[in-house]
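In what follows, every chain begins at residue 1, and chains take the letters A, B, ... in the order their sequences are listed. Given the structure is predicted, the values throughout are model-derived calculations rather than measurements.
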Amino acid sequence: MNVPVLTCNHLRKSYKNGALVLSDFNCTLPAGKIIGLLGPNGCGKSTLMKLICGILVPDSGAITVCGHPRSEKTNALISYLPERTYFNSWMKVDELIDYFSEFYEDFDSARAREMLHNLGIDTKANLKSLSKGTKEKVQLIMVMARRARLYLLDEPIAGVDPAARDYILQTIISNYDPQATIIITTHLIHDIEPILDEFAFMGYGGQILMSGDADDVRTEKGKSLDELFREVFRYVQ
Amino acid sequence: MAWQFNNTEAVFLQIADRLRHDILNGKYQPDQQIPPVRQLASIAAVNPNTMQKALTCLEDEGLLHSQGTVGRFVTSDTAVLDAAREKMRRDTVRGWLKQAKELGISTEELIKYIEEVTQQ
């Protein structure tokens, strides 16, 4: 039997200021998929990711990860790339690798070093001396070097140059494990479109407006996912 | 560098086209093993499932055959390769004719242009 990697049942989340970000969010995600979670700013994509890894608590509803109710234990199965960098800037890259290997059982430090080397990042460097884009690369490498079951990548390619973007997408593909599922949010739809299995368009209130097989979009609609997004979320003048 | 795709045709069909060209133009020789799915997916920067679909297309056409866990090989059947090459050539010329027609160039004029341009 195939246990879904992630299920969300009737998730509801509002913030103290009264904003209802997710009103009734449901999903069931199988293993072995790369899924693009796409939607306009403020529709609840990041909130959803934070709920899945327990940074935020839902008002109501339930989340299971690989069949287990969400808890500190299921966090060991999740590798999360937040939209902001959270590293302690006094660390060196080397120390960061040690830190991750101690913290996460599934962290493959040899892989991390290989990827850092391929991108020409000096592991002796202090994190605070790195540019914003390089910090983002380091962070993504740390996240992808884990052997997790669920990867949550919140805007993984937004701040990096096009060449590194290609490398990062290739990294995601070559790390692709049939047991794992990857959820990616981004506005750079054109760039990630070829690597997606499935896509979901999220509207305000966390509603899924449209979802399906990314490959079928061109056949059925005669347009790219990027074009479809612009059409679905067009602002009326 | 990731492969570029147009917006109107399914990505896996575009990949199949490109690999078919590579096979028929001799980049991959008869009986030669092609790289594994994951590696091809990584080169093209596409999802491995998409690459798999493209390879299945070429298997259905008889250009590739898979040998269990060993990998995928280009066919050694010259009849299949010749037929596919012939089809590719015809499709290419058909494409030229269509483009010419859109520009209001008749078949006779096209032949005349081709002769003129080749002599220059």
Please check if the number of heavy atoms outside [X] that lie under 6.0 Å from its [atom1] is greater than 12.
X       : atom1 : result
E105(A) : CD    : no
Y99(A)  : OH    : no
H190(A) : NE2   : no
H21(B)  : NE2   : no

Practice task
Report the distance from atom CG of N49(B) to atom CD1 of I195(A), rounding to the nearest 0.5 Å.
Solution key: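 If we round to the nearest 0.5 Å, N49(B):CG and I195(A):CD1 are 12.0 Å apart.
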Handout entry: Spacing of CD1 belonging to I173(A) relative to CD1 belonging to I43(B), to within rounding of 0.5 Å
Key =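 One finds 10.5 Å between CD1 of I173(A) and CD1 of I43(B).
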Minimum heavy-atom separation for [X] to [Y], with atom names?
X       : Y       : result
P194(A) : A45(B)  : CB-O, 3.5 Å
R38(B)  : P178(A) : NH2-CD, 4.3 Å
D213(A) : K53(B)  : OD2-NZ, 3.9 Å

Practice task
Apply the test side-chain contact (heavy atoms from CB on, under 4.5 Å) to residues F5(B) and R218(A): give CA-CA distance (whole Å), side-chain angles for both, the deciding distance (0.1 Å), then the verdict.
Solution key: CA-CA 11 Å; F5(B) 303 103; R218(A) 280 165 209 242; 4.0 Å; yes
Name the option with the most non-hydrogen atom pairs under 4.5 Å to chain B; the candidates are [options].
options                           : value
I192(A), T171(A), D215(A)         : D215(A)
T219(A), D197(A), L169(A), I34(A) : D197(A)
E193(A), K33(A), K221(A), E227(A) : E227(A)

